[in-house]
Protein chains: 2
Amino acid sequence: MRKTTAEAQPAPLDAPGNVGDVRKANLARVLAVIAGAHSEHRLSRADIATRSKLTKASVSSLVADLLASGLVIEIGVHRDGERGRPSVGLILNPARCVIGMEINVDYISAGLVDLSGKLLTHQIVPRLNRGVNAEQVIDALSELSSQMQQAAEAQDLKILGGGLAVPGLVDEKSYTVLQAPNLGWETQSLNVRKLLRETKSRFRLFNEANASALAQQQLMGPAERDFLFVSGEVGIGGGLIIDAELFAGPQGHAGELGHVVVQPEGKPCSCGGRGCLETVAGQEAILSAANLGVAARGASRQQRIERLYQALESGQESASIAVADAGKSLGVAVASAMRLFNVSTVVFGGHFAALEQWLLPATTHSLTTHAPSIASQAQLRFSPLGQTGALIGAAHSVVGDLLESPHQLVG
Amino acid sequence: MRKTTAEAQPAPLDAPGNVGDVRKANLARVLAVIAGAHSEHRLSRADIATRSKLTKASVSSLVADLLASGLVIEIGVHRDGERGRPSVGLILNPARCVIGMEINVDYISAGLVDLSGKLLTHQIVPRLNRGVNAEQVIDALSELSSQMQQAAEAQDLKILGGGLAVPGLVDEKSYTVLQAPNLGWETQSLNVRKLLRETKSRFRLFNEANASALAQQQLMGPAERDFLFVSGEVGIGGGLIIDAELFAGPQGHAGELGHVVVQPEGKPCSCGGRGCLETVAGQEAILSAANLGVAARGASRQQRIERLYQALESGQESASIAVADAGKSLGVAVASAMRLFNVSTVVFGGHFAALEQWLLPATTHSLTTHAPSIASQAQLRFSPLGQTGALIGAAHSVVGDLLESPHQLVG
DNA sequence: CCATTTAGTTTATGTCCTGAACTATATGGG
DNA sequence: CCCATATAGTTCAGGACATAAACTAAATGG
C-alpha cells in the first residue's frame, strides 16, 4: 500500500511524528557517516550518499545544514589524476570541542576533547578532596575549567558542552551526587553552572566507572559492543556497555561491582552489608591485608600503594597473597556479573590494571572454578586508560550526544 | 530554521529515513493509544487525536489504515444525552489473537491470547519431556497447537502469530535451544514451522523465565517499569524488565540467577562450577536437603514436592531448614543482582511462590544482612502466575510486536 | 578541442502532517 | 418545527521532505 524503506519507531507519547523527524534522523545519519570515516579520509557528498544510502540531492541539502551548524567544514580536495569533477572533502569541524572533567579522591582534572574524540589538552591537579565540602571542590574545578576555556579561546576552539565524572552514584537530571563514600559526600547537589560559561551548551554528570567504560569503548572501537568495565579505584565501580551503549539501569547505578557479595559470611563492609567484593579487593582491603609493615602506618595512600608494588616486585608473600585473594574474589564477582549481564568481555581498569600480573592468574582460576562455561569464552582484559580515562569518556559521551542530535545546532 | 516537534531517532544504517517512517511511527502511536485505553472505554477519533497529539485529520487517515489492517474495528456509539455528533468507538479487534505455547519439564501447553492480552482459551497437557527427543516434543506440541488453531477457526478468530517458551537458553533468530539441561537438550534446532499453519505470521522463541517476566509485567501494569522476575522451576531462571522492556543481554541470557555464586567454597553444580544458587535453592537441592525420608525415594518429583509441602505444614524441622537455607542464599544472589542491575523490585515465581511463607523471612533477613541499603527500599513480591504464565507472556510479547509495527499488516 | 567521467545542483513528483474550513449529526430552547 | 449550539469527523490547500532524473560544473585524456 505504501512504499517504505525503513523501520518505524514508536514515537514518544509526548511528541507525535512529523516529517521534520525524518530530517533530524537523516542529519544524524549523515553526521554519523562523516564521523565514522577514518580521520584522514575526507568524504565527499557523493561518498556520503553511497554510504548513507540517501540520494545525492538529499545529502547535499543535509550537508548544507550541517555546515551551517558548524559541526562540519569543507576542505577542498583535488583528486590526484582521477577524471571527473573534483570532490569537496567534508570533515568534523576541528575547531569544536567539549570539556571533560573529573573529580576524584586525590585529584581534579579537566581537558578538551574534539569531535573526533581526541584529547587536545588536559591538566591534572593533585588535590585531596576527601571530606572536603562539595562547594569548595567545585570552585577549584571551576578555576581549572576556566583555564581550559581560556586555552580554547586562544586557539579559536569553540566549546559545545561539558561532562563531569565523579566517583559515586549520580542523578544526572538534577546534577546531584547521591553517594560518594570515598569523597565523604552524600546527596550533594552540584552547582555545575560554575563550570561552563556557555549556559546554553549541554552538560552531563557521570559516574566515574561509567565514564571510564565509555572511554574504553572508544579505545576498543565499535566492534566491541558488549563489555563490563571494572574500575578499581579506592572503591570498586563498574560500567556496562551493552549493544554499544552505556547500560546505566533505572537509576543509573547498574554494573556497580563493589558490593556484590562474594563471601556470605565475610567481613562487614562500609555499605552496611558483609562479604562485599570491596572488603577483599578494594584498595584499602588489599593494602591492609598486604601487611606492609610498621613503616607504612600513617603514610599516605599513594605512598602505601608504592610500597605495595615494591613488596610485590620483591616477592613479599603477604602482598602477593593479598592480591591473589583479591583476584579470587574478583573472579567470583565477575562470574556472577558475566552470568547476569550475559557479557563475555570484562576490562579491568584503575589500580587493577597495574596489578595485572599478580591479579590475573587468581582471577582466571577463580572464574574457571566457579563458571567454567563462561571462563572458556571469557575475555579478561586490562585497560591502558590512565587518569584521563574518565574525563575523556565523559567528554566523548557528550560529543556523541551532540552528533546524535545535530538539529539542535542547526536552527 | 525548521519547525519540528519530536525527537529524532538515528536511523539504522541499512535504511535511511523517509517520510514513510513518520507514518509507521504514527500508526503505532495511534494503535498504542487505542490499546492503552481501558478496555470498556471505546475511544473516538477525536479522543485519539487529543491523546496522541496528532490532528484529527491525521488520525482519521491513520485509523483508516488500521481498520484496513484488521487490527482495529469500529463500534457505533451514541453518547447518552450529550450534544453534538455522536462518536464512533474504536477498539482492538477482538477477533485477532496470538497463540502462546510452552514446553516445560513435565507438561506442554498452548493457549490463545487476544490483542488486549487476555487469555481466551488454553490447554495444559501433562507430559514428561525430560530426555525426550526435541522432535517428538515438537510433534506433540504441534498436535496441541492444531487443536487450538481449530478452536480459533471455529470462533472466527484469526491467529496473527505465535510465541513459544522453553526452559533453557535460546537463540531466537535461528529458533534454536542452545541449552536446556532440565530437558536434557543441547543445541536443538526447533522446527517451529510445524506449530503454525500461517507461515507468514510471526513466531518468536522465548526463554521460560523471560516469558514469565513479560506476563508478570502485564499483570503489574505499566507503572512497574523495572523489576527482576526469578523463576523457581526445576532450575532457577531470571527475566529482567528494564524501562518497561525485556532486557535480554547480548545473547539473550541476561538475568539468569541460577548460577550466581553464593558460596565460593560450596558444592559442585551441574554447570561445572561450584556454589551456584541452584546447588542450594534449586528444586532438587531443596528436596534432597529437606530429608523427606525413605518413603520419598523413588517417588516422582511432583510427589516429592507434595511431601515437602506436607513436611513444611507439619513443621518438620529438616524441611523448614532446607527452605530457609535456600531463602538465605536467594537473598545473597538477589542482593548482588539488585545491585548490578540497579532494580529495587524482585518478583519470585514458580515454586518459590508456593514456598513464600517459609522462604520470605530468610530471604529478607539475608538481604538485610548483605545489603541493608538495598533491603530498605526493596520490594520482594511473589507471583500469582501459575502454569500459564510463560505462554501468556510469550504470546503477549508477540502481540506487543504486532502492535508496534502495524504497517506490516496495512499493505 | 571534445568525449568521458565524476561531483554536485535543480526540478518535478509523491507522501505526509497541519490547520482551517466544511460537513454530519446530535441536543435543547423557543 | 426550526434554529442555535456543540461535538465528530472529512476535505482541501500548503509546506517539509526524500526521490529520481535531468542538468550543470569541473576535471582528465586522447
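- With sequence neighbours excluded, no residue forms a ring-ring contact (aromatic ring centres under 6.0 Å, His included) with A:F227.
- The CG atom of B:N18 sits 14 Å away from the C1' atom of C:dT13 (whole-angstrom rounding).
- OP1 or OP2 of D:dT19 lies within a sub-4.0 Å distance of a side-chain N or O belonging to A:T55.
- Going from atom CZ of B:R83 over to atom C1' of D:dC3 covers 11 Å, rounded to whole Å.
- One atom, CG of B:L43, and another, C1' of D:dT7, lie 16 Å apart when rounded to the nearest Å.
- Remark: P of D:dA18 and CZ of A:R29 are 11 Å apart, rounded to the nearest angstrom.
- Rounded to whole Å, atom C1' of C:dG8 lies 11 Å from atom CD of A:E74.
- The shortest non-hydrogen separation linking A:V59 to A:R45 is CG1-O, 3.6 Å.
- Distances shown here put every side-chain N or O of A:R23 at or beyond 4.0 Å from the OP1 or OP2 atom of D:dA16.
- Taking 4.5 Å as the limit, every side-chain heavy atom of A:F247 sits out of range of all side-chain heavy atoms of A:D226.
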Set out, line by line, the N/O atom pairs under 3.5 Å between protein and nucleotides 9-11 of chain C.
{"unit_1": "C:dT9", "atom_1": "OP2", "unit_2": "A:S60", "atom_2": "OG", "d": "2.2"}

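- The CG-P distance, from B:D21 to D:dA16, rounds to 20 Å in whole Å.
- Looking at A:D47 and A:S44, their side chains do bring a donor and an acceptor atom within 3.5 Å of each other.
- For the pair A:H407 NE2 and D:dA16 P, the interatomic distance rounds to 17 Å; values are reported in whole Å.
- Here the side chains of B:R202 and B:S405 are in contact, with some heavy-atom distance below 4.5 Å.
- Contact check, B:N26 against C:dC16: no side-chain N or O comes under 4.0 Å of OP1 or OP2.
- Annotation for B:S52 and B:V33: closest pair CB-CG2, 4.1 Å, computed over non-hydrogen atoms.
- Residue-level contact check: A:V59 touches neither bases nor backbone, having no heavy atom under 4.0 Å from any strand.
- A:R197 CZ: more than 12 foreign heavy atoms inside a 6.0 Å radius.
- Side-chain proximity of B:V19 to D:dA8, C:dG14, C:dG8: nearest is C:dG14.
- Mapping A:L27 and A:G84 onto DNA chain D via the closest heavy atom, the residue that lands nearer the 5' end is A:L27.
- B:S44 has a side-chain polar atom (N or O) that falls below the 4.0 Å cut-off from OP1 or OP2 of D:dG9.
- Between the CG atom of A:L90 and the P atom of C:dA7 there is a distance of 13 Å, given to the nearest Å.
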